[in-house]
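Worksheet: one structure, shown below.
The structure presented is a predicted model; accordingly, all values stated were derived computationally and were not measured. Proteins get letters first, then strands, A, B, ... in listed order; numbering begins at 1 in each.
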Number of protein chains: 2
Amino acid sequence: MGKKPASKVRSKARYHHGELREALIAATRQLVEERGAEKFTLADACRVAGVTTAAPYRHFRGKQEILEEIASRGFEELRKRSMTVVAERGEGTLEGIIAMGQAYVAFAVEETAVFRLMFGQEPSLKKAEHVVGTGHDCFTNVIDQVALYCKRNRVRGDAQEIALRLWTFVHGAASLLIDQDYNAVAPQIDVNRLIASATPGLLAASPRSSKG
Amino acid sequence: MGKKPASKVRSKARYHHGELREALIAATRQLVEERGAEKFTLADACRVAGVTTAAPYRHFRGKQEILEEIASRGFEELRKRSMTVVAERGEGTLEGIIAMGQAYVAFAVEETAVFRLMFGQEPSLKKAEHVVGTGHDCFTNVIDQVALYCKRNRVRGDAQEIALRLWTFVHGAASLLIDQDYNAVAPQIDVNRLIASATPGLLAASPRSSKG
DNA sequence: GTTGCGATGTAAGCGCCGCTAACATATGTT
DNA sequence: AACATATGTTAGCGGCGCTTACATCGCAAC
């Protein structure tokens, strides 16, 4: 009992971790992906990283700030994926645009918790400048592709509005899929096919709609 | 109404509340709408209802079960709204279907927190039978309208798939709107117009080839 | 009307959380 | 070597979800 400097099983019970910031981000990301962002506790992340629960406050203002960092990195990765996929399928083509949508959903499925953080309701995240900034860059990419498509195919219509339609649809698909809301209604749905089949209709110019 | 002789006037500090279950549901709904479902604490609801924090456990298994009840009632209200709006605009018409989508978004805007509960990721809600059931009924309504529309307009295509497309789009619009994700990209967006302009394209049968 | 009992509320308390303040240790510059 | 700073620890505050044991109420049987 009492105090003693007895070493633990750990090779070297360092007093200082050394890379605690990154270690906490990694632990948080893992735990959030496992148990969901709502059930995540900072204390658990501390245990994974092997530090006490007060340690994180040397690197982050609080729990929220770790989540912000993860969301911001998520936008960067999503943008990277989009650009990669479009480069493979062809800039400004229908196939490229469909592939972007499918990549969006794939990201949501593979990094569900990060995706939820990125687009969730947490108001403090909406105010974090670098989060909003990376998100905006991400969308600009879509507009560019749509504008190019419209130009090539002589589609009359605002590229921004068409891009918004596409984003809306694809985001809906991703949300309903990861929240398992399709299950009660169409458990066997193939979302990639759904996107491929809906995209052409969304890419058309706005029809003269009969008021709404 | 007054099948019960219970005193309507709040007498002084009764030991028994009398209608605690409903009072807690009401308090929860209010608090969740004010501060968000994640920040909501059962203890606060108890304070609003004027009881101790142990009282709810006579009526609910725990915090989660109150939220389930609210989600379930939300589905019922959403279905009611949908049916009302379609009855006004015309069964199986384009206008009726657009109006349903707009009603969906209106519900999400007016009852944001309830909407999030209904379609959120909380896994325990997905297992609650009456929640899933009412959600399913809600969607069946959409399929019926689309099927009727397709028959009248001789659209070849699976009504279920087309309904899924519509739901996907409209759910995406509602999500992006209430999570304020449009803000970083198109702050002035008119979602009702977006729905009206996108719906015709979504109602078409799956194209066998894109234009050109 | 009294009595007994189930339903419903309170009081007290456990373990966990986010966060803070004061203290201890490591790191690097001079 | 000595200090300044960065980084981790110990101890603790208030709050939460939930449980157990006790108090009170309402109603039915006698």
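Across the protein-nucleic acid pair, A:E22 atom CD and D:dT7 atom C1' stand 16 Å apart, rounded to whole Å. Distance, A:L20 CG to D:dT7 C1': 9 Å, rounded to whole Å. Following rounding to the nearest Å, A:E38 (CD) and C:dG18 (C1') show an atom-to-atom distance of 17 Å. Summarising the geometry, the separation between CG on B:L31 and P on D:dG17 is reported as 11 Å, rounded to the nearest angstrom. If you measure from atom CZ of B:F60 to atom C1' of D:dG17, you get 15 Å, rounded to the nearest angstrom. Residue B:E19 contributes atom CD, which lies 16 Å from atom C1' of D:dC25 at whole-angstrom precision. Rounded to whole Å, the distance from CG on B:D44 to C1' on D:dG17 is 13 Å. Distance B:R21 CZ to C:dA7 P: 15 Å, rounded to the nearest Å.
Applying the ring-ring contact (aromatic ring centres under 6.0 Å, His included) test between B:F75 and each of B:F115, B:F119, B:F107 identifies B:F119 as the sole match. With B:R73 as the fixed residue, the salt bridge (Lys or Arg N to Asp or Glu O under 4.0 Å) test singles out one of B:E22, B:E68, B:E111: B:E22.
For B:T41, counting side-chain heavy atoms from C-beta on, the closest listed nucleotide (D:dT9, D:dC16, D:dT20) is D:dC16. Considering only side-chain atoms of B:R58, the nucleotide from D:dA21, D:dT10, C:dC17 that sits closest is D:dA21. When the nucleotides C:dT20, D:dC18, C:dC17 are ranked by their closest atom to the side chain of B:Y57, D:dC18 comes out on top. Out of C:dG9, C:dC19, D:dG17, the shortest distance to the side chain of A:T53 is found at C:dC19.
For the pair B:R61 and D:dT19, the criterion of a side-chain N or O lying under 4.0 Å from OP1 or OP2 is not met. OP1 or OP2 of C:dG9 sits under 4.0 Å from a side-chain N or O of B:H59.
Residues A:T168 and B:Y182 come closest through the heavy atom pair OG1-OH, 2.6 Å.
Residue A:T52 is classed as a base contact, given a heavy-atom separation below 4.0 Å to a base. Backbone-only engagement by B:A43 is indicated by non-hydrogen atom pairs under 4.0 Å involving sugar-phosphate atoms exclusively. Residue A:A54 is in base contact, counting any heavy-atom pair closer than 4.0 Å across all strands shown.
Side chains of B:W167 and B:V142 form no contact here, defined as non-hydrogen atoms less than 4.5 Å apart. Contact of the B:V85 side chain with the B:Q102 side chain is not registered, since no non-hydrogen atoms from C-beta on lie closer than 4.5 Å.
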